[in-house]
> 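Before anything else, here's the structure in question.
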Amino acid sequence: MSDTHSLDALVQALRRLPGVGVRSAQRMAFHLLQHDREGALQLARALDAATSRMRHCARCHTFTEQEICATCADPRRDASQLAVVETPADQAALERTAAFNGLYFVLMGRLSPLDGIGPSQIGLQKLLERATDGTVREVILATNFTAEGEATAHVIGQALRAQGLAVTRLARGVPAGSELEYVDLGTIAHALADRR
């Protein structure tokens, strides 16, 4: 019977993070236990608080502690423009550019038929309801320029155009195969300004 069950459990928990393998998880675990126990406790408290308090905004699906997020509740935002993004991280990347003053709809994923993710799993019906509320005049498809992101933009674009909405797509200033979260802010700002 192992006498390091807690350490093993910590390593396995850290491995759940994207891009973290066994060795990286072990290094993190050993560092926290050997050099930064207070940091480990702070991390545990922050994770506990975030998982118990954070939920999805009732309007855009991003993460928030309130029923409606601060962006959706801001009366200074242009409600006639709605940017559709895959994740809250993509929304945050667009926000950091300060080039977009509209509202968002966060899909919380993208179409991936091989993984069993279809239109209903990404909230297409809820997006259609939001986009056809009489306020939105332009929907900006800001999904990633990956194969899945392009397919998602295509399906959403067709559904929205069928409803008579103006649909634009981020310009190709963003490199193909990239994810917005990792693209530099200047490129994202130009892509927003040059959308078609």
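Any value given below was found using the heavy atoms of this structure, including those in side chains, with hydrogens, waters and symmetry copies removed.
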> How far does CD1 of Ile188 sit from CD of Glu181, to the nearest 0.5 angstrom?
10.0 Å

> To the closest 0.5 Å, what do you measure between CZ (Phe105) and CD (Gln91)?
11.5 Å

> Rounded to the nearest 0.5 Å, what separates atom CG in Leu41 from atom CG in Leu32?
9.5 Å

> Should the heavy atoms of other residues, nucleotides or ligands under 6.0 Å from NE2 of His154 be counted, would the total exceed 12?
no

> Do Asp184 and Thr187 get their side chains close enough for a donor-acceptor pair, meaning under 3.5 Å?
yes

> Does any non-hydrogen side-chain atom of Leu107 lie less than 4.5 Å from one of Val85?
no

> Partners of Met108 by side-chain contact (heavy atoms from CB on, under 4.5 Å), sequence neighbours excluded?
His56, His61, Phe63, Pro88, Val106

> Should Arg110 and Glu86 count as an ion pair when the cut-off is N to O under 4.0 Å?
yes

> So which heavy atom on Cys69 is nearest to which on Cys57, and how close?
N-SG, 3.3 Å

> Looking at every heavy atom in both Ala142 and Leu94, which two are closest together, and how far apart are they?
CB-CD1, 4.0 Å

> Nearest 0.5 Å, please: how far is CG in Leu127 from CG in Leu82?
6.5 Å

> Side-chain contact test, heavy atoms from C-beta onward, threshold under 4.5 Å: evaluate it for Leu165 versus Thr132 and give yes or no.
yes

> Is Gln42 atom CD crowded by more than 12 heavy atoms from other residues, nucleotides or ligands, each under 6.0 Å away?
no

> Where is the tightest heavy-atom contact between Ala29 and Leu14, given as atom of each residue plus distance?
N-CD1, 3.7 Å

> Over all heavy atoms of both residues, which pair between Ser178 and Val183 is shortest? Give the atoms and the distance, please.
OG-CG2, 3.5 Å

> Check whether any side-chain N or O of Ser24 sits under 3.5 Å from a backbone N or O of Val20 as a donor-acceptor pair, and report yes or no.
no

> May I have the step-by-step check of side chain to side chain contact (heavy atoms under 4.5 Å, CB included) for Gln81 and Val136, ending in yes or no?
CA-CA 6 Å; Gln81 290 186 322; Val136 176; over 6 Å; no

> Out of curiosity, does Met28 fall in the hydrophobic cluster containing Leu47 (side-chain heavy atoms, cut-off under 4.5 Å, transitive links)?
no

> Does any non-hydrogen side-chain atom of Ile156 lie less than 4.5 Å from one of Leu124?
yes

> As a quick check of understanding, evaluate side chain to side chain contact (heavy atoms under 4.5 Å, CB included) for Thr62 and Thr71, giving each step before the final call.
CA-CA 10 Å; Thr62 197; Thr71 302; over 6 Å; no

> Provide the full list of salt bridge (charged side-chain N to carboxylate O under 4.0 Å, His left out) pairs with a residue in residues 118-138, sequence neighbours left out, each pair given once.
Glu138-Arg195

> Mind listing the closest non-hydrogen atom pair of Ile68 and Cys72 along with its distance?
CG2-CB, 3.5 Å

> Any side-chain to backbone donor/acceptor pair from Asn101 onto Arg76? Under 3.5 Å, distance only.
yes

> To the nearest 0.5 Å, what is the distance between CG on Leu103 and CZ on Arg59?
6.5 Å

> Any donor and acceptor pair, going by atom type alone, linking the side chain of Asn144 with main-chain N or O of Leu180 inside 3.5 Å?
yes

> Quiz question: by atom type and distance under 3.5 Å, do the side chains of Thr143 and Arg169 form a donor-acceptor pair?
yes

> In Å and rounded to the nearest 0.5 Å, what is the CG to CD distance from Leu7 to Gln12?
10.0 Å

> Does Arg16 have more than 12 heavy atoms from other residues, nucleotides or ligands lying within 6.0 Å of its CZ?
no

> Any sub-3.5 Å donor-acceptor pair from Thr87's side-chain atoms to Asp90's backbone N or O?
yes

> So do the side chains of Met54 and Glu65 get within less than 4.5 Å of each other, counting heavy atoms only?
yes

> Do Leu185 and Leu192 belong to the same hydrophobic cluster, where Ile, Leu, Val, Met, Phe, Trp and Tyr are linked whenever their side-chain heavy atoms lie under 4.5 Å apart, directly or via other members?
no

> Under 30°, 30 to 60°, or over 60°: which ring-plane class applies to Tyr104 and Phe100, parallel, tilted or perpendicular?
perpendicular

> Return yes when atom CD of Gln66 has more than 12 non-hydrogen atoms of other residues, nucleotides or ligands closer than 6.0 Å, and no otherwise.
no

> If you group Ile, Leu, Val, Met, Phe, Trp and Tyr by side-chain heavy-atom gaps below 4.5 Å, do Val11 and Leu43 land in one group?
no

> Could you tell me if the side chain of Arg27 sits less than 4.5 Å from the side chain of His31, heavy atoms only?
no

